[in-house]
Protein chains: 2
Amino acid sequence: MRWAPDARGRLERAAFDLFGEQGYAATTVPQITARAGLTTRTFFRYFADKREVIFGGDEIPRAAARLISEAPPELEPIDVIRLVLDEVAATRFDGRREETAAWRRMINADDSLRDRDARKRADLVAAARTAFVDRGEAQRSATIFAETGALIFHVALDAWLAEPEARPMGDTIAEIMTWVCVRRLEGTPLGS
Amino acid sequence: MRWAPDARGRLERAAFDLFGEQGYAATTVPQITARAGLTTRTFFRYFADKREVIFGGDEIPRAAARLISEAPPELEPIDVIRLVLDEVAATRFDGRREETAAWRRMINADDSLRDRDARKRADLVAAARTAFVDRGEAQRSATIFAETGALIFHVALDAWLAEPEARPMGDTIAEIMTWVCVRRLEGTPLGS
DNA sequence: CTCGTCGATGACACGGCATGTCATCAACGG
DNA sequence: CCGTTGATGACATGCCGTGTCATCGACGAG
């Protein structure tokens, strides 16, 4: 069993299987590693803690930062956000609506996973902010654009998962984006 | 020592003192309770976990929800946000800039506190969303307004703490709000 | 083919976190 | 004066997460 391939994958599969059978909180790390044929200590070599096996490390922040930095330089930030979110929606969520919903249900059912989920959003914002700064945005506006992108994404994901009929997530994103706008300083503030 | 008054307050003070002396991670719950003259078990009767002693329970979400529900009904949501944030800034942050900065530094220095901090923001959003729904907003727009309020507040707090000279936090908030706007559906989306 | 290196895993110990359970004690009302 | 009630102490327990060192397989050098 030692040196069997894909230790990380085996741990992930064993974990998700057990979480589905018993729930997240009721599943212990020794249970996961026993099913994967590894020791408890090895689990913590692949995942910083039990929560991390649910989330994909820093894959999502990395992907978002890459997409932002690869966007055409002449695009306005809000259009960069649109571009990135459409790409993410099409490649990572369309066609996986039910799995995604189950994933969100599991997170929302456990307090410690809700903590980590919120933290992951903050990490995404931080990565996106850096990417906007690299595009030449000032610190403050980069932060606001990054936060706004995360806001739209989160609201759109929740809404998309709650819809009765499956449709491309990009449609939901487009609807949400008609509600939210971000302006540069010379724009007129609303509601003053 | 048993039945001495204000057990919760003693625990909070002992905790903050020790966190200041040794740092958060290096301080154990038994250390805190020993200084407060209580037992470890009692700590967990007042705080759900070691992190919670840093944050004020659900006091902030409750205060925000109350302020939103007490705002004049004729106000636009963005003006409700302005009203609430100005009130919070004036009563809870102005004059406590250095303490607040130290508090934020402690949170940012520890991973588990960053998790919880992000979660607290999500809790605030949830409470504000409910309050906006009670004002008659639709679920989706209530969510967006609540998220936007939290966004403005977080960005403004960071910016305010980073400023070289102390000034009313409301000034910083006003600046941030000139950058961000939220429109109802009939408004024109920007950047399309 | 053999050996030495190197990275991955096992084995073990350990402290802290968090919770369940029951006993104990002070306050308070009758 | 006593019984009730709520807060606290005392104790046991299980899991989480980490440090440390031994061990094993893969792989390249000779």
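In the text below, chain A, chain B and the rest are named by the order of the sequence lines, each starting its count at 1. Because only heavy atoms are used, hydrogens play no part in the values below, and waters and symmetry mates are left out as well, while side chains stay in.
- Comparing C/dG10, C/dT21, D/dC16 against the side chain of B/Arg41 picks out C/dT21 as the nearest.
- The pair B/Asp117-B/Arg51 does not meet the salt-bridge criterion, since no charged nitrogen lies less than 4.0 angstrom from a carboxylate oxygen.
- The side chain of B/Leu38 sits closest to D/dG9 out of C/dA18, D/dC16, D/dG9.
- Salt bridge status for B/Arg105 with B/Glu98: present, with a side-chain N to carboxylate O gap under 4.0 Å.
- B/Phe44 places its CZ atom 17 Å from the P atom of C/dT21, with the value rounded to the nearest Å.
- Distances from the side chain of B/Thr42 to the nucleotides D/dT8, D/dC15, C/dA11 place D/dT8 closest.
- A salt bridge does not link A/Glu165 to A/Arg97: none of the charged side-chain nitrogens sits closer than 4.0 Å to a carboxylate oxygen.
- The base of D/dG17 is not paired with the side chain of A/Arg45 by any donor and acceptor separated by under 3.5 Å.
- For B/Thr28, taking side-chain heavy atoms from C-beta onward, the closest of the listed nucleotides C/dT9, D/dG19, C/dC17 is C/dC17.
- With rounding to whole Å, B/Arg51 atom CZ is found 12 Å from C/dG16 atom C1'.
- Atom C1' of nucleotide C/dG16 and atom CG of B/Asp110 are separated by 14 Å, given to the nearest angstrom.
- A salt bridge does not link A/Glu87 to A/Arg82: none of the charged nitrogens lies less than 4.0 Å from a carboxylate oxygen.
- The nearest whole Å value for the distance from the CD1 atom in A/Ile32 to the C1' atom in D/dC15 is 12 Å.
- At a cut-off of 3.5 Å, with distance as the only test, no side-chain donor of A/Thr27 or A/Gln31 sits close to an acceptor on the other residue.
- Whole-Å rounding puts the A/Asp49 CG to D/dC16 P distance at 11 Å.
- Taking atom CD of B/Glu52 as the reference point, atom P of C/dA18 lies 10 Å away to the nearest angstrom.
- The nearest whole Å value for the distance from the CD1 atom in B/Ile54 to the P atom in C/dC17 is 13 Å.
- Both B/Phe47 and A/Thr40 lie near DNA chain C, and the one whose nearest nucleotide falls closer to the 5' end is A/Thr40.
- Counting to the nearest Å, the C1' atom of C/dT19 and the CZ atom of B/Phe43 are 14 Å from each other.
- For B/Tyr46, the listed nucleotide lying nearest its side chain is D/dA7; candidates were D/dA7, C/dA18, C/dG16.
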